[in-house]
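A short worksheet on the structure shown next.
Order of listing sets the numbers, starting from 1, for every ligand and every atom in it.
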Amino acid sequence: MYKIPAKTLFLGKKVIFLPTCHSTNDEAAHLLEKHPVMEGTIVITNNQTAGKGQRGNAWLTEPGKNLTFTLVLKPNFLSIVQQFNLNIVISLGIVDYLNSIRKGFQVKWPNDIYYKEQKICGVLIQNVLKSNRIEYTIVGIGLNVNQLKFPEEKAVSLAQVTGEIYDLQMALNSLCEYLEKQYMQLKRGELDALRNEYLNNMYRFGEDHLYKDKEVFQGRITGISEHGLLEIETYKGLRKYNFKEVEFLS
Ligand SMILES: Nc1ncnc2c1ncn2[C@@H]1O[C@H](COP(=O)(O)OP(=O)(O)OP(=O)(O)O)[C@@H](O)[C@H]1O
Ligand SMILES: O=C(O)CCCC[C@@H]1SC[C@@H]2NC(=O)N[C@@H]21
């Protein structure tokens, strides 16, 4: 399973397949502790038994149905304050791949992928530090591909959206090509183009909705700051939020 490398320069050229594991992010982190790992290496499993989501949530996925993998990057060209750009390129790579199949996928800030009001993909990015510098970034991606039932009402899969079943190896290879394309754009320093593309694909951009920080309020997403803070215009003025500081309501 997952033996054919992607047609890319480096991303997905090496794939480590584990039939089962607790979390591919944890497995990747253990590998990095033991020996150097080539940039672009993917750790993938068919059966993730203790998947980790953001905010300490669990990531639940039916064995053999979805893409559940971790990508190892070495973005040493980025300083710590530029880290949000990784969220941008990873989200755009995924959304471009999905939109190449069916239009309508969007990025929910910072890096969830939605189809209409449902979540199809989650991303968990973790930095591995060495002497206070980012040595590696591990990018965990859970993409719902062929699963047809979810315990979570908000979850959806590609198969549910399109009515088709997908070959996971082909989906992985294609996704790698889109991810690499975006990552190379970041390496070339094309930040304005990336930011614009991110805003063009952003869930709820420019629409009025309810949000919650300490209180529930109505607002409209108008952009992201240089370092990736979410900017919401309200009748009291512009508010800016870091991860976990704001909740999307209806
Ligand atoms: N396979 C899956 N697909 C989609 N969501 C899943 C899946 N497995 C677990 N979940 C969880 O279902 C919930 C649905 O996502 P939701 O967007 O509501 O939460 P979130 O990512 O915490 O975002 P927020 O709370 O900012 O709206 C999350 O807790 C998510 O981690
Ligand atoms: O909460 C989220 O939206 C993030 C979900 C990230 C899930 C992926 S699945 C592969 C990798 N391994 C993990 O334990 N989590 C990530």
### Task
Give the residue, atom name and distance (to 0.1 Å) of the protein heavy atom nearest atom 1 (N) of ligand 1.
Leu60 O, 2.8 Å

### Message
Using a 4.0 Å cutoff against the non-hydrogen atoms of Asn144, which atoms of ligand 1 qualify?
### Response
1 (N), 2 (C), 3 (N), 4 (C)

### Message
With the threshold set at under 4.0 angstrom, would you say Phe248 reaches ligand 1 through any of its heavy atoms?
### Response
no

### Message
Which residue in the set Leu98, Ile141, Ile90 passes side-chain contact (heavy atoms from CB on, under 4.5 Å) when paired with Ile113?
### Response
Leu98

#### Entry: Options Lys52, Glu152, Gln54, ranked by nearest heavy atom to atom 12 (O) of ligand 1, top entry
Glu152

### Query
Will you find, in the side chains of Asp213 and Tyr241, an N or O donor that is under 3.5 Å from an N or O acceptor?
yes

### Query
Using a 4.0 angstrom limit on heavy atoms, which residues are close to ligand 2?
Ser23, Thr24, Asn25, Gln48, Gly51, Lys52, Gly53, Gln54, Trp59, Thr68, Phe69, Thr70, Asp112, Lys119, Gly122, Val123, Leu124, Gly140, Ile141, Gly142

### Query
Should the ring pair Phe105 and Tyr115 be called parallel, tilted or perpendicular, given that the plane angle runs from 0 to 90° and is split at 30 and 60?
tilted

### Task
Show which atoms of ligand 1 fall inside a sub-4.0 Å distance from at least one heavy-atom site of Lys108.
17 (O), 23 (O), 24 (P), 26 (O), 27 (O)

### Query
Between Glu215 and Arg239, does a salt bridge (Lys or Arg N to Asp or Glu O under 4.0 Å) hold up when you go through it step by step?
CA-CA 13 Å; Glu215 54 173 17; Arg239 298 185 184 184; 3.3 Å; yes

### Query
Short N/O distance, under 3.5 Å, between Lys154 and ligand 1?
yes

### Message
Using a 4.0 Å cut-off to any heavy atom of Arg55, which atoms of ligand 1 qualify?
### Response
20 (P), 21 (O), 22 (O), 23 (O), 24 (P), 25 (O), 26 (O)

#### Entry: Note, Lys244 side chain near Arg55 side chain (heavy atom, < 4.5 Å)
yes

### Task
Please determine, by modelled atom types, if Asn201 and Glu197 share a side-chain donor-acceptor pair under 3.5 angstrom.
no

### Query
Which bit of Asn57 gets closer than 4.0 Å to ligand 1, counting heavy atoms only: side chain, backbone, both or neither?
side chain

### Message
Nearest 0.5 Å, please: how far is CZ in Arg204 from NZ in Lys108?
### Response
7.0 Å

#### Entry: Result of checking Asp26, Thr24, Asn25, Asn57 against Lys52 for side-chain hydrogen bond (donor to acceptor under 3.5 Å, both in side chains)
Asp26

### Message
When you compare the side chains of Gln54 and Asp112, does any donor N or O come within less than 3.5 Å of an acceptor on the partner?
### Response
yes

### Query
Is the Lys NZ or Arg CZ of Lys3 less than 6.0 Å from the centre of Phe17's six-membered ring, within 45° of the axis?
no

### Query
Heavy atom under 4.0 Å from ligand 1: found in Ile120's side chain, backbone, both, or neither?
neither

#### Entry: For atom 5 (N) of ligand 1, closest protein heavy-atom neighbour
Trp59 CZ3, 3.5 Å

### Query
If you count the atoms of ligand 1 from 1 in the order shown, which ones are under 4.0 Å from a heavy atom of Ala58?
9 (C), 31 (O)

### Task
Could you see which bit of Tyr114 sits under 4.0 Å from ligand 1, with heavy atoms only: side chain, backbone, both or neither?
side chain

### Query
Does Lys187 count as lying over the ring of Phe10, i.e. NZ or CZ under 6.0 Å from the six-ring centre, within 45 degrees of the axis?
yes

### Message
Is it the case that atom CD1 in Ile165 sees more than 12 heavy atoms from other parts of the structure closer than 6.0 Å?
### Response
yes

### Query
In the protein, what heavy atom is nearest to atom 19 (O) of ligand 1, and what distance, to one decimal place, separates them?
Lys119 NZ, 4.3 Å

### Task
Ignoring angles and geometry beyond distance, decide whether Ala155 reaches within less than 3.5 Å of ligand 1 through its nitrogen or oxygen atoms.
no

#### Entry: Arg188 to Tyr183 six-membered ring, cation-pi geometry met (6.0 Å, 45°)
no

